[in-house]
Every structure is written in structure tokens, then in C-alpha cells.
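Just below is one structure, and these are the notes that go with it.
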Amino acid sequence: MADSREPPPLFNDDDDSRKDDDNDDLFTSAVQSPVSELTTPEDQTKQEGAGDPLTSPPPATSFPPDPSGGDRPDLFESCEEPSVGGFSSVPLEQPAEGGGTQQVSTDAKDPPPTPPTTPSVGSLVEIPLIVDTDKDQDLQPTTTSSSLTHPDFTLFDPLPNTSEALISSPDILTPPETSTTSTPTTSAQELSASPPSSSALLDLSMTLPQELSSEPPANLVDAPSVEPAVMSSFITPAEEASTLDAAAATNDDDDDATNPTNHAGEDTASSSEEALVTVYDSETPEEVSLEDETDDGELFDPASTPKLQLNQDPPLPASNILPPMGAPLTPPVAPITPTATPNLTPNVTPAAPTPVTPVAAARPSAEQLESESGDEFIEISISDPQKIGDGMSSYMAYKVTTKTNIAYFRKKHWSVTRRFSDFLGLHGKLVEKHLHSGRIIPPAPEKSAIGTTKIKLGSDKSSDSSSSDFIERRRASLERYMNRTAAHPTLRSDPDFREFIELDAELPRATQTSALSSAGVLRLFNRVGETVNKMTFKMDESDQWFEEKTQQIENLDAQLRKLHAAMEGLVAYRRELATSTASFAKSAAVLSSVEEHSALSRALHQLAESTERTHTIHHAQADADFYHLSETTKDYIHLIGAVKDVFHERVKTFQTWQHAQTMLAKKREAKAKAELAGRMDKVQQAQDEVAEWEAKVERSQEEFDRISRAIKKEMEQFDIVRVKDFKDMLVKYLEALMTSQQQIIKVWETFLPEARAIS
Amino acid sequence: MLEEGSVSGMSSGASTPEPEAPFTPKFVVRLSDHVTKDGDCVKFTLQVSQNGHTVQVLEREYEDFEYLEHCVTTSQPSHGLIIPPMPQRSAIDPYNAEIQSKRLMGKGSKTLIPDEFHKDCLQLQKYLELLLSHPVLGKSQKLHDFLTVKEAPPRTKVKKGLISRLSDSLDARKASYPDCEEFFQKERDWVAKYQPAAANANDAFSKIICAQLRISHQLEQMVTALKLSSLPNDQVHYMQFNNMNMIFLDCIDTLKSQTEEKADKEDLMFGAVQTLWHRYVQAENAMLLDRTCLMVDYQACNRALDKAKPNRKEAAERAKKEAEQAFEECSDAARQEIKEFQRKRVEELQRSIDQYAAYQLTCSRATLNTLTQALSQIKAINL
């Protein structure tokens with residue numbers, strides 16, 4: 001729990017901690033960021049002795065900055081960084097790992113803002129560090145194979161949750177490769193950098209995103225000059241091949257797994273994939289990790305799919321002659337190309353900037369982050385509701401499309417398919433993780449057994465308006481729910497949330513959501529217990545702020561409910577108006593057909609047409625009333641419920657604190673008694689207990705203070721967002737009203753001259 | 001009376017109906033908004049003027065109007081005349097008012113629609129106008145007395161007895177007799193078709209009005225809810241919230257009164273006219289039925305004359321002549337009436353449609369204006 005809670009703050013509020021790091025040594029911090037994602041593999045290669053990937057020390061320590069390498073080629077970096085950015089999967093997993101890694105992930109997120117601003121200088125600074133890694137790798141080419149295997153570990157082990165996600169999605173499979181890539185990539189780039197292959201450089205620059213192309217080239221040039229000998233010796237044979245690879249790889253965006261493998265590597269690659277898949281199919285995370293190790297070992301060590309890919313990729317565009325030559329050396333290099341490129345290409349825009357910045361903006365990054373957070377946007381839209389399956393086992397699937405510029409997402413724009421219970425499951429997970437730290441979790445739309453059943457039983461073709469209304473309503477509320485969650489900086493960086501919107505595969509079924517399941521009954525009991533608790537336990541409030549706020553929330557709740565009732569009525573009558581307008585239009589048409597006076601008949605006919613048109617306007621207006629006013633208000637009623645939950649959570653921590661205090665008092669008493677009685681053996685025991693409870697009191701008090709602080713902060717944000725939402729709602733609603741009035745005006749404006757012309 | 005004779009004489013001339021010089025009503029009546037209500041007794045104030053000069057100001061109750069109607073329709077041979085329909089009595093006592101409110105606002109509604117005497121006034125005024133402008137009825141002495149004598153004439157309870165209703169229903173059976181004249185046959189067919197269509201249109205329109213009333217009612221509720229939801233003014237964004245809330249609230253409040261007014265006006269402007277002419281058509285139908293009865297009588301007399309034995313021949317002949325005359329008179333009057341009636345009907349309905357459309361425009365423009373203002377005000381608030 002602690003882990004999961006921590007990461008968000010780091011990202012969000014704990015700029016300080018990161019700053020500190022930066023201060024300690026700009027260098028390292030700079031290094032960290034680019035390396036961080038990549039590090040996982042590399043660190044491990046270094047730490048191989050240690051053996052435990054999870055425990056790997058923070059990147060900074062593992063990677064003592066090597067000043068000597070400073071002159072080294074930037075090429076490396078240019079390649080690496082993109083991969084970093086592209087590596088969204090890594091940050092995802094990292095939060096779960098723990099403190100050290102989390103920092104890394106934060107760094108990774110920071111970069112995005114900086115890219116535009118950071119000049120090539122930053123890149124230069126970074127390079128040295130990265131170079132070190134290069135060196136290491138260069139020095140120990142033999143280890144590469146082992147390093148290859150490791151990355152897989154690191155990737156999968158930390159992520160018990162995501163493991164399933166990895167199963168089917170090819171995109172995710174690639175990451176492991178990417179991790180290995182870091183080393184190879186650099187080499188590849190170095191190759192390209194080497195003077196002889198100027199064309200290669202061009203290729204790279206072409207393939208790279210614009211931002212990259214501008215900066216990297218310079219770096220590339222520098223690099224060769226620094227250590228041309230080493231690099232060239234190492235790289236030259238494979239140079240062309242690798243560069244070509246890069247180009248080729250860029251072409252096939254995410255498909256690296258499939259495309260490159262097509263040729264020779266197919267067998268191995270596919271087999272490895274299958275292995276992975278099978279492993280993950282058994283949904284137990286622990287098993288997975290174990291199996292991974294073994295499987296990977298077998299798969300990657302001897303044959304190491306990356307190698308194969310390397311060999312094969314080059315052949316495609318490049319001359320077949322080269323691969324054989326480079327083959328011995330290339331193995332490490334080759335894997336890089338496919339992995340690095342895929343990452344680069346898709347992510348280019350967001351990722352590319354990131355790598356550069358961390359270094360250059362070591363200092364300003366903090367402020368930039370803040371300003372950046374203002375610019376950050378994430379927009380989730382839900383579309384294409386689809387009924388999947390038949391009968392009671394059928395369900396509705398929705399397409400979740402995300403648009404964002406936040407760096408830790410792999411792409412800017414993508415979509416996945418989710419079913420309704422997935423949303424509920426997500427909400428459940430978020431509540432479990434974040435509620436007790438005082439965060440207001442936006443509530444998911446309610447499950448409606450009746451509505452769903454109706455849809456399930458109704459056939460697709462004869463979908464009546466009520467069920468399509470229902471679906472549309474649900475779609476809209478899901479969309480609002482997702483955006484509300486995404487708007488919360490902590491929640492949107494939660495691994496579960498990111499998995500939810502990013503993972504292009506089916507999520508494990510959320511079992512706890514079904515209304516009629518045993519879990520549902522259990523939940524009901526829990527809820528009853530909570531309410532009883534709420535009613536019976538009266539906390540004497542020490543904090544005036546909370547006292548006022550609680551009262552305020554209660555009032556708000558009542559007002560919103562009233563408002564909502566009025567709005568519901570409004571919507572209902574607006575619909576009624578629409579239908580009666582329609583029926584009037586019809587009867588006016590009948591009247592006009594009956595009317596014998598031709599002019600009057602035509603006038604009536606016009607009237608019928610005009611009212612028919614206003615009917616549709618009224619209908620649209622009713623929808624606007626509903627979606628803009630009523631639903632927003634309803635959302636807020638539910639949100640207020642979430643706020644109440646958070647407050648209640650605080651009361652619960654208060655209870656534990658109180659409990660700890662009374663227990664402490666008792667223990668002290670016991671100790672005193674023991675002392676009086678002079679039973680020294682008991683005194684010692686009592687002393688221990690007192691100490692234990694003192695610690696508990698302290699802890700629970702801290703907890704209580706923490707949650708109180710968190711809630712205050714959340715409420716502040718909540719209020720701000722609420723005002724903003726309110727404004728948005730009003731603006732949208734008034735605009736909708738205006739449009740309908742304008743349309744009505746248009747209708748009658750066309751009517752009048754015609755009517756007058758007739759008479 | 002003399003004049004009446006001449007009119008009937010002219011029409012009985014069986015000549016083609018010459019376009020008469022438009023009949024000018026003798027009086028102009030205005031019902032002022034001054035209405036006194038004392039229990040169940042509602043007194044309307046009538047201002048009667050002639051040639052632009054006020055001649056009399058009097059108070060009349062609804063019952064007086066009822067009696068007037070009774071007198072006007074019975075005091076003279078009314079065959080072939082389309083009698084302007086008397087407006088229906090609106091609910092005055094709480095019980096009826098509640099029923100009507102529920103009908104308008106929905107079953108669950110607790111609001112009681114207040115007395116809307118201005119509507120009654122307008123309708124009664126219209127009724128008197130129609131009476132006064134009617135070429136035959138406009139000359140009735142009873143009507144003149146009603147408008148000029150300060151004290152309301154003593155009235156008796158007018159109630160349609162069981163017998164008359166029975167005879168009505170018997171008469172109704174004759175409605176299917178084919179008419180001997182194409183003009184009337186066509187008119188009868190038209191009425192038969194028109195009546196249900198008009199009734200439907202009326203119902204639908206009144207539903208629109210209801211919906212609007214209900215919307216305005218809900219808007220009112222929203223306003224009260226919004227009024228409650230202001231926050232303490234101790235923080236910047238709270239103040240912003242309150243500001244926006246106020247603007248929105250005002251806007252909704254204006255919308256509410258606009259909607260209410262719109263519903264009201266539309267009802268008067270279009271709904272009432274529709275209803276009036278719908279009922280007028282019913283009156284026409286009654287007249288046509290009356291004529292059909294005369295026709296049936298006449299035909300019966302003809303047959304009787306054919307079969308009559310010589311000794312009864314004379315009586316039969318007389319009866320036939322009487323029936324023929326009655327029928328002819330009625331037909332002539334009716335022809336005239338129908339033409340006049342249709343002319344008026346078309347004119348008024350067309351005008352009301354026109355007015356309705358124009359009013360829609362002005363209403364929408366006003367609403368749009370309010371909205372634009374509110375929107376710009378809200379947009380001006382920077383968060």
C-alpha cells in the first residue's frame with residue numbers, strides 16, 4: 001500500500017524530493033532521468049552479481065557519473081532518450097516497485113516539458129553519463145547476452161498487476177526488448193555517428209522526429225570526434241546495417257515484434273512471444289515471474305530473439321553481406337535497432353523532447369514542471385458502445401480513446417476497448433488504494449440492473465429508443481467519470497488507471513462489481529456496517545475547518561438534491577413539450593388537409609411544418625437540459641458522496657488513534673500497577689507494551705494528521721474544480737439554450753414571409 | 001323587430017344573397033380588468049360605448065351572460081342562424097380550480113392556478129362582440145337591454161332539461177339524411193371532418209401550453225434551489241461561484257417569467273381563437289342539423305300530401321306550405337350565415353396564426369437576449 005500511495009505524491013507534490021536529488025549532484029540527476037527507464041536493464045547488468053533486480057539501488061548510485069566519458073558521443077543519447085520516452089511501459093510499472101525506482105519514473109515524466117526549451121547543451125551534459133554505460137557495455141560485450149535476459153526480469157517482476165496485460169498485446173511485448181535495446185541502440189547510433197557513414201546520420205535524422213532531428217545531429221557529430229576509434233572499431237561492420245534497421249524499424253511503428261520477425265527471426269520471435277503469452281495466461285503474477293526467468297533464460301540466452309531480429313532486419317533494406325560480418329559483434333547491437341526505433345517512432349513527439357531536457361534543465365525543471373502541469377492535458381472520450389455476446393451473458397463494450405500530451409503515456413492519441421464492469425473495477429481499485437490517503441475518488445456511474453437487463457434481452461435490431469437512451473446516458477457518464485479521474489494528478493498517474501486506458505488488451509474481469517454476486521452482498525453488509533458506524537460514532541471535532549466543511553457538505557448535498565429534482569422535472573416537461581409540439585404539428589397538418597379555404601390551408605400547412613421543426617429543437621433542448629444540467633448535478637451529488645467517504649475515512653483514522661490512546665493509557669496503568677507491586681518481570685513486559693503503544697499512537701496520530709492535511713488539500717482542489725465545472729456547465733447550457741432559441745427564430749423567420757405571402 | 005322582418009323578407013326572397021352592406025355593431029363593449037369576486041359570485045365590469053362615447057358602465061355576472069344567451073337564442077326564430085358560442089365558465093371555487101390545476105400541471109402538482117379573470121374577460125368580450133356584430137342577433141332588444149340597463153335583468157335558472165336533451169339526441173339521428181342541396185351537403189361533410197381535426201389540434205395545443213406552464217414551474221423550483229446554494233463569501237472562488245450563481249439564477253428567473261408569459265399569451269392568441277372557432281363550428285353544425293330537421297319535415301309533408309285523401313288534401317297542402325316556407329327561410333338564412341361565418345373564420349384564424357408566429361419570434365428574440373447577456377456576464381468571470 002505504502003508503495004502505491006507514494007508514487008503519486010512524488011510525481012505530484014514532491015517536487016522537493018526531486019529537487020534535493022538534483023541538488024546533490026546535478027549530474028547524477030541528469031543522468032538518472034534518461035537512464036532511469038533504460039537503467040533497469042543496464043543497472044542489472046552491472047549488478048548482476050547482486051542478482052535481485054528489484055533491489056537494484058537507485059540509478060544515481062549505480063551509475064556513478066563518469067566525467068571522463070563526458071566527451072563521448074551524444075548519439076547515444078539521442079537514441080536512448082527517444083527510447084526512454086517511448087518506454088511508457090516502464091514508468092507504469094515502476095511505481096509498484098518502490099521508492100528508488102519511483103523517483104526515476106518521476107524524472108521520466110518531468111522531461112516532456114523541457115524538450116522545446118532545452119538546447120543541445122542539455123544533451124551534451126547528459127551524454128557523458130550515458131557514455132559510461134556505453135563504455136561498460138563496450139568493454140564487456142560478452143555480458144550483453146546476460147543483460148538481455150535481465151531486462152525481462154525487471155520488467156515483469158515488478159508488475160504483478162500488469163503481467164496479464166502483457167500477455168496479448170504486442171506493444172507491450174516489445175518493451176522488454178527495448179530495455180535491452182538501450183545498450184544496443186547506443187551502439188547502433190554510435191555506428192551511424194562515426195564519420196564514414198554520413199548517409200547513415202541523415203537517415204537517422206530523417207527518421208527521427210523533428211525535434212530530435214534538429215538536436216541530435218549536432219550531438220552525433222560531436223560524438224564521433226570524441227571517441228571515434230573505439231566506436232568505429234566496434235561498430236563499423238554493423239554500421240550500415242544498424243542504421244538501415246533503424247530506418248526500417250521506424251517505418252513499422254509498433255509492429256516491431258511482428259514486422260522484423262517476419263523473415264528469419266519469425267520462428268524465434270514468435271516462439272518467444274508465445275512463451276510469454278502462455279506464461280501470462282496463467283494469471284498468477286508470481287508464477288509468471290518465475291516462469292519468466294526460466295523461459296526467458298532459455299529463449300533469450302541461447303537464441304536471444306533480439307539477435308535474430310537484428311540479423312534479419314538488416315537484410316531487408318541493407319546488403320546481405322553486411323549482416324554476416326557484423327553478426328558476431330552485432331548481437332547486442334542488433335536488438336537495439338528494432339526496439340529503439342519502434343519506441344521512437346510512435347512516441348516521438350512526446351518522448352523525444354523529454355530525454356534532452358532533464359539534463360539541461362536540471363535546475364529549472366521544477367518550475368517547468370509546475371507550469372507544465374498547467375499545460376498538461378488529457379482528454380478521454382468514450383465512443384462506439386457495442387453489444388457483445390447474447391442474452392444475459394452479453395455486455396456492452398466501449399471504445400476508450402485518449403488524447404494527451406502527458407509524457408508518461410506512450411502515445412498522444414490511442415484507444416482501447418473496455419466493458420462497463422472494467423470501469424467499476426477501476427474505480428474499486430482506485431478507492432482501495434487512495435481513499436485512505438484522503439483523496440476524493442470520482443465515483444463511477446451506477447450499475448443499473450434494470451437498464452442493463454433490458455438491453456441484454458433486447459435484440460440488436462429492435463433496439464428501442466429507451467435502451468439507446470440508456471446506452472447514450474451511460475456512455476456520457478462514463479466519459480465524464482474518466483475525465484474526472486484523469487483530471488486528478490494523483491489518480492491519473494496511478495498504474496491501474498494507466499493500465500486501464502493504455503493496455504490494448506482485455507483486462508481481467510472485475511469480479512467484485514456484479515450487483516448480484518456474493519461480493520455484492522458482502523459489499524452491502526460492509527456498507528450497512530459503515531453506516532451504523534457513522535451513525536453511532538460521534539467524533540468530537542477538534543478542527544474547526546472540518547466542522548464547518550462537514551456542515552457545508554451536508555448543506556450542499558441537500559441543495560444539490562433539490563436542484564437535481566427540479567432539473568429532472570424540467571427535463572421531463574421539456575420532453576413533454578417536445579412530444580406535444582410534435583402531436584400539434586400532426587394535428588395541424590390534418591387540419592390543413594381538411595381546411596377548404598386554400599390560403600388558410602396553406603398557412604396551416606406551414607404552421608405544421610414549422611412546429612414540426614421546433615419539435616426537434618425542443619427535443620435537442622431537452623437533451624441539453626439533461627446532459628448539461630441534470631447529469632452534471634447528479635455527478636456532483638455522487639461526488640459529494642465521495643467527499644463524505646473521505647471524511648468518514650478520516651473519522652476512522654481518528655478512531656484508531658483514539659483507540660491507540662486508550663490502549664496506551666491502559667498499558668501505562670498496568671505498568672504503574674506492576675511497579676507498585678514491585679514485580680519487576682512484569683514491569684519490563686509492561687514497559688515494552690507501553691513503548692509499542694506509544695509508537696502506535698504516534699503512528700496513528702501522524703496518519704490522522706496526514707489524512708487531515710490531504711483532505712484539506714483535496715477539498716481546496718475540489719472546490720476550485722467545482723467552481724470551474726459550474727462555470728463550464730453554465731456556459732455550455734446557456735449556449736445550448738441560445739442555439740435552440742436561434743434555431744426557433746430561424747424557423748419562424750422563414751415562416752412569416754411565406755404565411756404573409758399566402759394571405 | 002321591423003328591421004328583422006325586412007331582413008328575413010330579403011333573405012326569403014330566395015334571390016342570390018347579395019353582399020349586404022357590412023353590418024356595424026351598435027355598441028362597443030369592453031370588459032375592464034376590474035373584476036370583483038365575492039365567494040362564488042364574480043362580477044365583471046362592462047364598459048359600453050357608442051360612437052366612441054361611453055354610455056354605460058355596468059356590472060354583470062356570468063349567470064347574467066348565461067341568461068342573455070338563453071334569451072337571445074329563444075326570443076326569435078333562430079332557424080338558420082349560427083349562434084356565437086358562449087364561453088365556458090372557468091373554475092372559480094377551490095374545488096374546481098384544483099381539478100383544473102391538476103389537469104394542467106400534472107397529477108402530483110400542488111400548485112393551484114390562480115383565477116385568471118383576464119382570460120374570462122377577453123372571452124366574454126369576444127362573445128359580446130360576436131353577438132353585436134351578428135346581423136340578426138346584433139339587433140336583439142334583449143341584448144341592447146343587457147348593455148344599457150343598469151340593473152341586470154331578473155334571471156331564471158336556465159337549464160337544459162332532460163326532454164330537450166332527448167329530443168336533441170333524436171334529432172342527431174337525422175344528421176345522416178342526404179341533403180337535397182349540394183352546398184349544404186358539402187358544408188355538412190366538411191363540418192363532420194373538420195370537427196374532430198380541430199378538436200385534436202386544440203387538445204394538442206393545450207398540451208403545449210401545459211408543458212410550458214410546467215416548465216416554468218420547474219424553472220421556478222430551480223431558482224429556489226439555486227438561491228439556497230450560495231456559499232460563504234470568504235474565498236475567491238466561492239465568491240466567483242456565488243456571482244455565477246446569481247447571474248444564472250436571474251437568468252433562469254427571467255426565463256421562467258418569459259415562459260409563463262409566453263404560455264399565457266399563446267393560449268389567448270392562438271389557443272383561445274382555435275377553441276372559439278371550434279365551438280363556433282359546433283354551433284354551425286347545430287344549425288345545419290336544425291335545417292336538416294326542417295328538410296326532413298318538409299319532405300314528410302310532401303309525401304303526406306301525395307298520399308293524402310281528397311278530404312285531407314287541404315290540410316296537407318297547408319302543412320306542406322308551412323314546412324316549405326320554414327325550410328326555405330332557414331336555407332336562405334343559413335346560406336348567408338355560412339358564408340359570413342366562413343369568411344370570418346378564415347380571417348380570424350389566419351390572423352391568429354400570423355400573430356402566433358410573430359409572437360414566437362419576439363419571444364425567442366427576448367429569450368435569446370436574456371441568454372446572451374447572462375452568458376457574457378458569466379464568461380466575463382475569470383476563474
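Here is how names work: the chains are called A, B, and so on, in the same order as the sequence lines, proteins then strands, and each is numbered from 1.
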From [X] atom [atom1] to [Y] atom [atom2], the distance as rounded to the nearest 0.5 Å:
| X | Y | atom1 | atom2 | result |
| --- | --- | --- | --- | --- |
| A:Glu735 | B:Thr372 | CD | OG1 | 10.5 Å |
| B:Ile208 | A:Glu576 | CD1 | CD | 11.0 Å |
| A:Leu730 | B:Ile381 | CG | CD1 | 9.0 Å |
| B:Thr224 | A:Gln559 | OG1 | CD | 11.5 Å |
| B:Glu187 | A:Glu596 | CD | CD | 7.0 Å |
| A:Lys562 | B:Gln221 | NZ | CD | 7.5 Å |

Margin query: So if I take each residue of residues 270-278 of chain B and look for any heavy atom under 4.5 Å from a heavy atom in chain A, which residues do I end up with?
Written below: B:Phe270, B:Gln274
Are any non-hydrogen side-chain atoms of [X] and [Y] less than 4.5 angstrom apart?
| X | Y | result |
| --- | --- | --- |
| B:Asn245 | A:Phe726 | yes |
| B:Gln360 | A:Thr614 | no |
| A:Leu600 | B:Ile353 | yes |
| A:Thr611 | B:Phe205 | no |
| A:Leu737 | B:Leu255 | yes |
| B:Met244 | A:Val723 | yes |
| B:Arg345 | A:Glu595 | yes |

Next item on the list: Describe, in one word, how the ring planes of B:Phe248 and A:Tyr733 are oriented to each other, choosing from parallel (under 30°), tilted (30 to 60°) and perpendicular (over 60°).
Entry: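 Correct class here is perpendicular.
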Distance-minimising heavy-atom pair for [X] and [Y]:
| X | Y | result |
| --- | --- | --- |
| A:Ala566 | B:Gln218 | O-OE1, 3.1 Å |
| A:Gln741 | B:Leu368 | CB-CD1, 4.1 Å |
| A:Phe584 | B:Ala204 | CA-CB, 3.4 Å |

Take atom [atom1] of [X] as the centre, draw a 6.0 Å sphere, and report whether it contains more than 12 heavy atoms from other residues, nucleotides or ligands.
| X | atom1 | result |
| --- | --- | --- |
| B:Lys186 | NZ | no |
| A:Lys712 | NZ | yes |
| B:Lys119 | NZ | yes |

Checklist line | Residues in residues 620-628 of chain A that sit under 4.5 Å from chain B, counting heavy atoms only | finding: none
Check: Does the side-chain contact (heavy atoms from CB on, under 4.5 Å) test come out yes or no for A:His597 and B:Leu349, once each step is laid out?
Finding: CA-CA 11 Å; A:His597 192 273; B:Leu349 283 183; over 6 Å; no
Partner chain B: residue of [options] with the largest heavy-atom pair count (under 4.5 Å):
| options | answer |
| --- | --- |
| A:Val747, A:Ile720, A:Ile744 | A:Ile720 |
| A:Leu563, A:Asn555, A:Val590, A:Leu604 | A:Leu563 |
| A:Leu577, A:Leu629, A:Thr579 | A:Leu577 |
| A:Lys586, A:Met567, A:Arg722 | A:Arg722 |

Checklist line | Side chain, backbone, both or neither of A:Ala565 within contact of chain B (heavy atoms, under 4.5 Å) | finding: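 Backbone only.
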As an exercise: rank [options] by heavy-atom pairs under 4.5 Å with chain A and give me the winner.
| options | answer |
| --- | --- |
| B:Lys193, B:Gln212, B:His237 | B:His237 |
| B:Ile378, B:Thr362, B:Val346, B:Asn200 | B:Val346 |
| B:Leu228, B:Ile215, B:Ile209, B:Val223 | B:Ile215 |
| B:Ser364, B:Ala197, B:Cys363 | B:Ser364 |

Checklist line | From CA spacing to verdict: side-chain contact (heavy atoms from CB on, under 4.5 Å), A:Leu752, B:Asp354 | finding: CA-CA 7 Å; A:Leu752 267 189; B:Asp354 224 48; 4.1 Å; yes
Notebook entry, point to check: Charged N to carboxylate O below 4.0 Å: is that the case for B:Arg365 and A:Glu749?
Noted result: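 Salt bridge present between B:Arg365 and A:Glu749.
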Item checked: Expected output: side-chain B:Lys207 to main-chain A:Ser583 donor-acceptor under 3.5 Å -> no
